[in-house]
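In this chain, residues are counted from 1 in sequence order. Everything numeric here is computed off the predicted structure, so don't read it as measured data.
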Amino acid sequence: MRPDIVPGGVLPDFALPDHTGTVRKLSELQGRDPLVLTLARGHYCPKEHQQHQELARVFQPKAAVAYTQIATISTDEHHTLQEFRLAVGAQWPFLSDPGRIVQRELDIQEYTDPNTTR
């Protein structure tokens with residue numbers, strides 16, 4: 001992770017197309033509320049489905065009451081992104097980043113297990 005990304009810090013204001021094809025900035029999605037941002041490998045991953053189903057079922061109603069926004073950045077293209085969002089029952093925006101710009105910009109390693117070969 002980049003050294004300038006710290007708790008309480010400001011995340012770079014990425015602009016990516018959402019599930020409707022509209023380009024959205026993270027600051028626009030967040031507004032004045034806290035934002036929970038999750039990065040997803042994509043629709044193909046069963047673990048991502050399970051995680052997002054739980055977020056939609058359990059966390060989404062609690063986040064709404066707490067005036068907290070949620071957004072997902074996925075590697076999926078537009079139509080697959082729509083399918084992913086609908087399949088898990090999410091009401092929050094899903095953003096498309098097939099080039100993994102955010103992952104590279106934030107220096108996030110996809111594989112964190114030191115015994116995993118790439």
Side-chain angles (χ1 to χ4, degrees):
M1 183 76 72
R2 287 177 17 174
D4 61 328
I5 304 296
V6 295
V10 176
L11 196 65
D13 197 13
F14 296 105
L16 299 165
D18 70 8
H19 57 277
T20 68
T22 304
V23 175
R24 308 283 295 273
K25 286 186 172 185
L26 291 181
S27 61
E28 169 196 337
L29 296 174
Q30 180 176 5
R32 296 177 56 173
D33 298 328
L35 172 69
V36 175
L37 180 65
T38 180
L39 275 65
R41 289 182 178 173
H43 180 59
Y44 73 90
C45 181
K47 290 180 182 179
E48 293 293 352
H49 272 265
Q50 183 177 11
Q51 174 186 350
H52 279 78
Q53 285 171 338
E54 286 293 309
L55 283 171
R57 186 176 59 79
V58 177
F59 186 69
Q60 183 172 250
K62 293 177 183 182
V65 171
Y67 303 105
T68 299
Q69 305 304 317
I70 307 171
T72 294
I73 298 175
S74 177
T75 60
D76 293 318
E77 298 283 350
H78 175 73
H79 292 294
T80 306
L81 191 69
Q82 288 177 317
E83 290 174 17
F84 185 14
R85 183 175 177 268
L86 289 172
V88 299
Q91 299 299 310
W92 63 87
F94 275 44
L95 305 173
S96 179
D97 186 16
R100 298 176 185 235
I101 295 164
V102 174
Q103 179 185 349
R104 283 195 316 271
E105 179 67 26
L106 297 180
D107 194 26
I108 296 173
Q109 299 296 314
E110 184 171 355
Y111 298 101
T112 57
D113 183 348
N115 297 319
T116 302
T117 56
R118 296 179 199 195

Keeping the roles fixed (side chain from H49, backbone from H43), state whether a donor-acceptor pair exists under 3.5 Å. yes
Just wondering, do F14 and L106 contact through their side chains at under 4.5 Å, heavy atoms? yes
Atom pairs and distances, donor-acceptor, side-chain atoms in residues 88-96, under 3.5 Å, two or more places apart:
| unit_1 | atom_1 | unit_2 | atom_2 | d |
| --- | --- | --- | --- | --- |
| W92 | NE1 | T72 | OG1 | 2.9 |
| S96 | OG | D76 | O | 2.6 |

Does D13 use its side chain to pair, donor to acceptor, with the backbone of L26 at less than 3.5 Å? yes
Would you say E48's side chain and G42's backbone share a donor-acceptor pair under 3.5 angstrom? no
A side-chain contact here means heavy atoms from C-beta on lying under 4.5 Å apart; do Q51 and T38 qualify? yes
Just verifying a value: how many Å separate Q30 CD and T68 OG1, rounded to the nearest 0.5 Å? 9.5 Å
Quick check for you: to the nearest 0.5 Å, what is the distance between K25 atom NZ and L16 atom CG? 11.5 Å
Taking all non-hydrogen atoms of both residues, which atom of L81 and which atom of P17 are closest, and how far apart? CD2-O, 4.5 Å
Does CD in Q50 sit with more than 12 non-hydrogen atoms of other residues, nucleotides or ligands closer than 6.0 Å? no
Using 0.5 Å steps for rounding, measure from the CG atom of D107 to the CD atom of Q103. 9.5 Å
Interatomic distance, D18 atom CG to H78 atom NE2 [nearest 0.5 angstrom]: 8.5 Å
Using 0.5 Å steps for rounding, measure from the OH atom of Y44 to the OG1 atom of T75. 6.0 Å
Has the side chain of D97 got a donor or acceptor atom that lies under 3.5 Å from a matching backbone atom of I73? no
Once you round to the nearest 0.5 Å, how far does NE2 of H19 lie from OG1 of T80? 14.5 Å
Verify side-chain contact (heavy atoms from CB on, under 4.5 Å) between Q69 and L29, making sure each step is shown before the conclusion. CA-CA 7 Å; Q69 305 304 317; L29 296 174; 5.8 Å; no
Report yes or no: does R41 contribute a side-chain atom to a donor-acceptor pair with the main-chain N or O of K47 at less than 3.5 Å? no
